[in-house]
**Student:** 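Input: one structure, supplied below.
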Protein chains: 2
Amino acid sequence: MVIQKISLVDLAIDRIKNYIKDQEYKPNDRFLSEKELVAKLQVSRTVVREALISLQTIGILTIKSGGGVYIAEPKLDSITDILKFHYDTYGIKLKELIETREIVEMGALRLIIENNTLADTTELTNLNESYYQAILEKDDPKPYDRLFHQALMKATDNSTYYLFSEIINEYFSFVCIDVKEKEEELLQAYAEHKAIIETIETGNLHEAQNKMKKHFEPIFKLVQQLKETPEDGADSII
Amino acid sequence: MVIQKISLVDLAIDRIKNYIKDQEYKPNDRFLSEKELVAKLQVSRTVVREALISLQTIGILTIKSGGGVYIAEPKLDSITDILKFHYDTYGIKLKELIETREIVEMGALRLIIENNTLADTTELTNLNESYYQAILEKDDPKPYDRLFHQALMKATDNSTYYLFSEIINEYFSFVCIDVKEKEEELLQAYAEHKAIIETIETGNLHEAQNKMKKHFEPIFKLVQQLKETPEDGADSII
DNA sequence: ACTAAAAATTGGTCTGACAATATTATATAT
DNA sequence: ATATATAATATTGTCAGACCAATTTTTAGT
């Protein structure tokens, strides 16, 4: 006996999913209320609620207490949530994660250069200059760094690849320790960004990838120095 | 008023998550029953159930009707579920997905060769030979192809990178149309696998990547010929 | 010791009730 | 007439109790 009998909740989830597809809802649209779904699906409120919660969990719906049910904004929170739990519970090596980022961004360079999807490097340059300004003004430059790398990934003109890179980056920013870099190192990163942009413009893939690799070296070294420090005491649910 | 008051369900989810971490459960271990959780968390069964369902949805727990709650096997089903919905609802371009696979596998070659993580290419060869046998015996060779590419990704010795590649492949096998390839094409693929292995052994990254790129060309061309055929009629929930 | 029936456990679903929150309608003041 | 405060309504959150269905455990009989 392997077959799992399908529960009403699972059925409800499926129906609601299909309904959302067919109705061509847009994010933030108001969805049906629990009451309406009870009438429509002919099941108890319990079942409807459990289905809605499941759909909220995977980021399809948003339930506002007292305010109704809405179509969720397409985000990756639910995916990164899962990965976070994975990380906490089963452990993931930081070194691996950074290496993954590195490889993914080097791959992005290939897409950009081979497919020639980046006609205009102005935006990248602007973002990097914002990064530079933030450094000089002692602001936190990290958001700009993030934007720079995001723009680079977007320049692949492959939204799927970009999607996965975002998952990885989300995951990374959750996992990664918050390193305070020295101004000297930040300026170095700025220069490397600049060099990468210029190399993209020349169309030299091999060179661009090498520069990207260099760009990742500092963080790589940093991580390899870190010790794994797993120490917790909490035990019961509280 | 931006702050969302935290619901009891969300609290329960958090507590349970932490409890699982602390108790060092293993997959398939029996977890606490609803009743026990009610007693432990001091909330109603409704809240416990909704929390459990949420945790089941993201693949942390498995609820067996009448049989109790269990720690789920770490799988990516929940993630691919989310992506599937994304695909159905917002659409994802097949061409992009294949390009993503291509880039990811080319990146894998870099990791393998640069880090020299693949001391022994025997397993890859064996899997490829199984692929060959399946072709000759008119079996479905796809599973062996899948195994070959999986082994390649594992050879990066980066479980995180492997994890992401699995997400992509799961996603791909869901999305992708089931193409029946001719024996001629299958044998071609076999030969390309073989060539890739040999090039890995020589340590020539550039060459290996080129061969991988060639290996993806057929499926690439196939997809670009396909027309988008969105045609459905269903409207209401049923 | 093995098997089959009975009992207990556990999850699945339903109903009704009330509380907490958000939205909408109404009344009031300017 | 418009803006604001208040009341009414709608909606989700939580609880309790009941019964059904599936599973597991116990018991009884051979």
Side-chain angles (χ1 to χ4, degrees), chain A residues 1-17 19-20 23 25 27-73 237-238, chain B residues 1-17 19-20 23 25 27-73 237-238:
Chain A
M1 164 67 161
V2 189
I3 302 165
Q4 273 274 22
K5 195 192 169 190
I6 298 169
S7 68
L8 289 183
V9 174
D10 288 336
L11 267 179
I13 290 173
D14 240 49
R15 289 181 181 181
I16 295 174
K17 270 188 184 173
Y19 184 71
I20 294 174
Q23 296 300 112
Y25 278 105
N28 297 318
D29 278 357
R30 180 157 199 171
F31 191 59
L32 306 176
S33 69
E34 291 182 0
K35 198 176 175 184
E36 290 169 315
L37 284 169
V38 166
K40 196 149 196 155
L41 300 176
Q42 293 284 303
V43 290
S44 72
R45 198 185 152 203
T46 310
V47 171
V48 168
R49 276 190 60 81
E50 293 184 354
L52 290 179
I53 286 194
S54 181
L55 290 168
Q56 172 169 258
T57 302
I58 59 178
I60 290 177
L61 294 176
T62 302
I63 307 171
K64 292 183 186 174
S65 173
V69 183
Y70 296 79
I71 304 293
E73 201 111 23
I237 295 182
I238 282 186
Chain B
M1 164 67 162
V2 188
I3 303 164
Q4 274 272 24
K5 195 192 169 188
I6 298 168
S7 68
L8 288 183
V9 175
D10 289 335
L11 266 179
I13 291 173
D14 239 49
R15 288 181 181 180
I16 295 173
K17 271 187 183 173
Y19 184 70
I20 293 174
Q23 296 299 113
Y25 279 107
N28 296 318
D29 278 357
R30 181 158 198 171
F31 191 59
L32 306 176
S33 69
E34 291 183 358
K35 199 178 174 183
E36 291 168 316
L37 283 169
V38 166
K40 197 148 194 153
L41 300 177
Q42 293 284 302
V43 291
S44 71
R45 196 183 155 204
T46 310
V47 170
V48 168
R49 276 190 60 81
E50 293 184 353
L52 289 179
I53 286 193
S54 181
L55 290 168
Q56 172 169 257
T57 301
I58 59 178
I60 291 178
L61 294 176
T62 302
I63 307 171
K64 291 183 187 175
S65 174
V69 183
Y70 296 80
I71 304 293
E73 200 111 24
I237 297 182
I238 281 185

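Each chain gets a letter, A, B and so on, in the order its sequence line appears, and its residues count up from 1. No hydrogens, no waters, no symmetry mates; every other heavy atom, side chains included, goes into these values. The structure displayed is predicted, hence computed values, not measured ones.
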**Student:** Output all residues satisfying side-chain contact (heavy atoms from CB on, under 4.5 Å) with A:T57, sequence neighbours left out; order by chain, then residue number.
**Tutor:** A:I53, B:S54, B:T57, B:I58

**Student:** Where each residue is assigned the nucleotide of DNA chain C containing its nearest heavy atom, which of A:R30 and B:L52 is assigned the position nearer the 5′ end?
**Tutor:**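 Nearest-nucleotide comparison on DNA chain C picks B:L52.
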
**Student:** Tell me the interatomic distance from B:L37, atom CG, to C:dT10, atom C1', rounded to whole angstroms.
**Tutor:**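 Nearest whole value for this atom pair: 12 Å.
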
**Student:** Rounded off to whole Å, could you give me the CD1-to-C1' distance for the A:I63 and C:dT21 pair?
**Tutor:** 14 Å

**Student:** Once you round it to whole Å, what is the distance between C1' of C:dT23 and OH of A:Y70?
**Tutor:** 8 Å

**Student:** Quick one: B:K64 NZ to D:dA21 C1', roughly how many Å, whole number?
**Tutor:** 17 Å

**Student:** Let me know the distance between CZ of B:R49 and P of C:dT13, rounded to the nearest Å.
**Tutor:** 7 Å

**Student:** Could you check how far CD of B:E50 sits from C1' of D:dG13, rounded to whole Å?
**Tutor:**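 Roughly 8 Å, once rounded to whole Å.
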
**Student:** Find the distance between CG (B:L11) and CD1 (B:I16) and round it off to the nearest 0.5 Å.
**Tutor:**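 The distance works out to 11.0 Å.
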
**Student:** Polar atoms only, N or O, under 3.5 Å: list the protein pairs with nucleotides 14-20 of chain C and their distances.
**Tutor:**
from: C:dC14; atom 1: OP2; to: A:S44; atom 2: N; distance (Å): 2.9
from: C:dC14; atom 1: OP2; to: A:S44; atom 2: OG; distance (Å): 2.6
from: C:dA17; atom 1: N6; to: A:R45; atom 2: NH1; distance (Å): 3.3

**Student:** Apply side-chain contact (heavy atoms from CB on, under 4.5 Å) to B:Q42 and list each qualifying residue two or more places apart in sequence or on a separate chain.
**Tutor:**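 By the side-chain contact (heavy atoms from CB on, under 4.5 Å) rule, B:Q42 matches no residue at all.
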
**Student:** Could you tell me how far apart B:D10 (CG) and D:dT12 (P) are, to the nearest whole angstrom?
**Tutor:**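 It works out to 16 Å between those atoms.
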
**Student:** Mind checking side-chain contact (heavy atoms from CB on, under 4.5 Å) for B:E36 and listing every partner two or more places apart, or none if nothing turns up?
**Tutor:** B:L32, B:S33

**Student:** Under the side-chain contact (heavy atoms from CB on, under 4.5 Å) rule, collect the residues that match up with A:R30, sequence neighbours excluded.
**Tutor:** A:Y70

**Student:** Assuming nearest nucleotide by heavy-atom distance, tell me which of A:G67 and A:S7 is located more 5' along DNA chain C.
**Tutor:**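 Residue closer to the 5' terminus by nearest nucleotide: A:S7.
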
**Student:** Anything under 3.5 Å between a donor and an acceptor, one on a side chain of residues 43-50 of chain B, the other on a protein residue two or more places apart or in another chain? List them.
**Tutor:**
from: B:S44; atom 1: OG; to: B:T46; atom 2: N; distance (Å): 3.4
from: B:S44; atom 1: OG; to: B:V47; atom 2: N; distance (Å): 3.4
from: B:R45; atom 1: NE; to: B:E34; atom 2: OE1; distance (Å): 2.7
from: B:R45; atom 1: NH2; to: B:E34; atom 2: OE1; distance (Å): 3.1
from: B:R49; atom 1: NE; to: A:E50; atom 2: OE2; distance (Å): 2.8
from: B:R49; atom 1: NH1; to: B:E34; atom 2: OE2; distance (Å): 2.7
from: B:R49; atom 1: NH2; to: A:E50; atom 2: OE1; distance (Å): 3.1
from: B:R49; atom 1: NH2; to: A:E50; atom 2: OE2; distance (Å): 3.4
from: B:E50; atom 1: OE1; to: A:R49; atom 2: NH2; distance (Å): 3.1
from: B:E50; atom 1: OE2; to: A:R49; atom 2: NE; distance (Å): 2.8
from: B:E50; atom 1: OE2; to: A:R49; atom 2: NH2; distance (Å): 3.4

**Student:** Tell me the interatomic distance from B:E34, atom CD, to D:dA16, atom P, rounded to whole angstroms.
**Tutor:** 15 Å

